[in-house]
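Below: one structure, written as structure tokens.
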Amino acid sequence: MRIVFMGTPDFAAQILYELKEQHDVVAVYTRPDAVRGRGKTLEASPVKKTALAAGIPVFEPSSLRSDEEVERLRALEPDAVCVAAYGMILPQAVLDIPKHGCLNVHASLLPRYRGAAPIERAILAGEREAGVCIMRMEAGLDTGDYCISRSCEIGDMDCARLTAALADKGALALLSALAEIEQGGPRWTAQDDAAATYADKIAKGELDIDPGEACAVNERRVRASSAAHPSRCIVAGKRVTVLAARLVDDAASVGVDDAAPGSVRFVAKRLFLGCADGVLEITSVKPDGKKEMTAAAFASGVQNIKSGTMVWERN
């Protein structure tokens with residue numbers, strides 16, 4: 001099938017990689033080069049890198065609403081436009097171009113978590129499972145009918161691991177949907193709007209951990225974090241990005257059951273932060289201006305941290 005692909009981050013790049021192996025991807029649309037993560041120089045999107053490595057033409061329009069952009073897409077004569085985390089609204093003129101419509105690989109079990117950050121919101125909400133749906137795009141925000149869904153247990157997966165797992169499932173689901181279209185069309189299921197929830201963008205500082213919150217809330221914030229949306233705090237006066245943390249089943253067994261909210265304890269080379277209802281163990285951090293390190297390495301460089309007189313606070 002003749003496909004135009006639209007996407008930007010790693011999630012989309014993984015899907016593009018599988019898609020190009022089975023279909024004729026005639027062009028890729030992605031967001032323009034931008035400062036990504038903590039870098040200070042312009043960097044191509046993961047989708048652009050994947051497309052260029054495969055010799056696929058890449059377009060980076062700032063909008064798809066101009067007549068020129070609509071005509072350029074029309075000239076590509078796509079049988080379908082496949083979209084995954086593109087980061088741009090498709091106007092109706094674009095939706096009307098492909099013979100088999102525009103298909104979106106959305107990283108949630110629709111109608112739950114429509115919107116920009118479904119993976120992060122599922123982790124933050126403590127959901128047991130996450131998933132992907134292949135949705136037929138329409139003018140509304142993730143409101144179209146879907147034909148295939150795949151789910152997986154979230155367990156203790158962080159945002160990066162869950163994103164990779166869902167991208168793998170999304171790629172296979174998209175290929176299945178395209179095969180069904182070629183064979184006469186899949187069965188589409190209308191979404192129940194009454195059951196819809198929305199996954200708003202992650203706000204700056206939203207994932208910072210906080211001694212006034214429960215351990216589970218803070219642990220989920222760390223797992224939902226990424227380079228674009230880090231989980232930050234101040235430990236013993238030092239600003240750090242928390243890269244990994246875990247819940248403590250039995251604080252008494254390691255002698256930290258008396259840790260007050262906001263206190264810092266370093267016991268048996270393990271770093272604990274007192275939260276509203278117990279302690280959270282920090283296992284990996286990145287102090288500002290330094291490389292990633294274990295929490296033990298970080299704590300060993302902080303004077304008097306063993307005494308428990310050190311404090312931590314939200315960044």
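No experiment lies behind these values; they were computed from the predicted model shown. Throughout, residue positions are numbered sequentially from 1 according to the sequence presented.
Counting all heavy atoms, side chain and backbone alike, L280 lies closest to L247 at CD1-CD2, 4.1 Å. Minimum interatomic distance between P230 and S225 (heavy atoms only, all atoms of both residues): C-CB, 4.0 Å. Summarising the geometry of V267 relative to V256, their closest heavy-atom pair is CG2-CG1, 3.7 Å, with the distance given to 0.1 Å. Heavy atoms only, all atoms of each residue included: C152 and M157 are closest at SG-CE, 4.3 Å. Between I148 and A173, the shortest heavy-atom distance links the atoms CD1-O, 3.6 Å. Shortest non-hydrogen contact noted between S300 and A297 is OG-O, 2.8 Å.
In this structure, W312 contributes its side chain and G274 its backbone to a donor-acceptor pair below 3.5 Å. In this structure, R114 contributes its side chain and D142 its backbone to a donor-acceptor pair below 3.5 Å. Of the possible donor and acceptor atoms, one in the side chain of S231 sits under 3.5 Å from a partner among the backbone N and O of L207. The backbone N or O of C215 sits less than 3.5 Å from a side-chain atom of D277, completing a donor-acceptor pair. A donor-acceptor contact shorter than 3.5 Å is absent between the side chain of D208 and the backbone of C233. Panel note: side chain S149, backbone C133; no donor-acceptor pair is recorded below 3.5 Å. Not a single donor-acceptor pair under 3.5 Å links the side chain of R314 to the backbone N or O of G212. Under a 3.5 Å cut-off, the side chain of E313 and the backbone N or O of P211 do not form any donor-acceptor pair. E60 contributes no side-chain N or O that, together with a main-chain N or O of A44, makes up a donor-acceptor pair within less than 3.5 Å. Judged by distance alone, with hydrogens and angles left aside, the side-chain atoms of H106 form a donor-acceptor pair with the main-chain N or O of Y113 at under 3.5 Å.
There is a path of hydrophobic side-chain contacts, each under 4.5 Å, that joins M137 to M6. Following chains of ILVMFWY side-chain contacts shorter than 4.5 Å, one can reach V302 starting from L273, so the two form part of one hydrophobic cluster. With hydrophobic clusters built from ILVMFWY side chains whose heavy atoms lie under 4.5 angstrom apart, I202 does not share a cluster with Y86. Residues V248 and V235 do not share a hydrophobic cluster, defined by chaining ILVMFWY side chains whose heavy atoms lie under 4.5 Å apart. No continuous path of ILVMFWY side-chain contacts below 4.5 Å connects L52 to V4, so the two sit in separate hydrophobic clusters.
Between R246 and E219 there is no salt bridge, since no side-chain nitrogen of the basic residue lies less than 4.0 Å from a carboxylate oxygen of the acidic one. One finds no salt bridge joining E43 and K48 here, because no Lys/Arg side-chain nitrogen approaches an Asp/Glu carboxylate oxygen to under 4.0 Å. A salt bridge does not link D200 to R121: none of the charged nitrogens lies less than 4.0 Å from a carboxylate oxygen. Taking 4.0 Å as the cut-off between side-chain N and carboxylate O, D79 and R2 do not count as a salt-bridged pair. One finds no salt bridge joining D168 and R150 here, because no Lys/Arg side-chain nitrogen approaches an Asp/Glu carboxylate oxygen to under 4.0 Å. Ion pairing between E127 and R223 fails under the 4.0 Å rule for side-chain N and carboxylate O.
A side-chain hydrogen bond (donor to acceptor under 3.5 Å, both in side chains) with S45 is found for one member of T30, T8, T50, D33 and no other, namely T30. I181 pairs with exactly one of S176, P186, C147 by the side-chain contact (heavy atoms from CB on, under 4.5 Å) rule, that one being P186.
By the 6.0 Å contact criterion, CD1 on I89 is open, its count of non-hydrogen atoms from other residues, nucleotides or ligands being 12 or less. Within a 6.0 Å sphere centred on NZ of K238, other residues, nucleotides and ligands contribute 12 heavy atoms or fewer. Remark: D192 CG is packed, more than 12 non-hydrogen atoms of other residues, nucleotides or ligands lying under 6.0 Å away.
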side-chain contact (heavy atoms from CB on, under 4.5 Å) between E18 and L172, worked out | CA-CA 8 Å; E18 299 295 336; L172 295 176; 5.9 Å; no
Any chance you could lay out the side-chain contact (heavy atoms from CB on, under 4.5 Å) test for V83 and L90, step after step, and finish with the verdict?
-> CA-CA 10 Å; V83 182; L90 273 58; 4.1 Å; yes
So E138 and T143, side chain to side chain donor-acceptor pair (under 3.5 Å) or not? Walk me through it.
-> CA-CA 7 Å; E138 57 182 30; T143 56; 2.6 Å; yes
Checking side-chain contact (heavy atoms from CB on, under 4.5 Å) for the pair H23/L175: CA distance, chi angles, key distance, verdict?
-> CA-CA 9 Å; H23 291 273; L175 292 173; 3.8 Å; yes
Apply side-chain contact (heavy atoms from CB on, under 4.5 Å) to V279 and R265, showing your working.
-> CA-CA 9 Å; V279 291; R265 301 290 295 273; over 6 Å; no
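The shortest distance between side-chain heavy atoms of F272 and V254 falls below 4.5 Å. A heavy-atom distance below 4.5 Å is not found between the side chains of K290 and V240. With a 4.5 Å cut-off on side-chain heavy atoms, L16 and V25 count as touching. By the 4.5 Å heavy-atom criterion applied to side chains, V105 and C82 are not counted as neighbours.
Taking the centre and axis of the six-membered ring of Y17, the NZ or CZ atom of K20 falls inside the cone set by 45° and 6.0 Å.
When the side-chain hydrogen bond (donor to acceptor under 3.5 Å, both in side chains) test is applied to E77, no partner is found at least two apart in sequence or on another chain.
Residues E69 and S63 bring no donor and acceptor atom of their side chains to less than 3.5 Å of each other.
Taking CD1 of I56 as the reference point, atom CZ of F5 lies at 9.5 Å (rounded to 0.5 Å). The line from CG of D210 to CG of N315 is 11.0 Å long, rounded to the nearest 0.5 Å.
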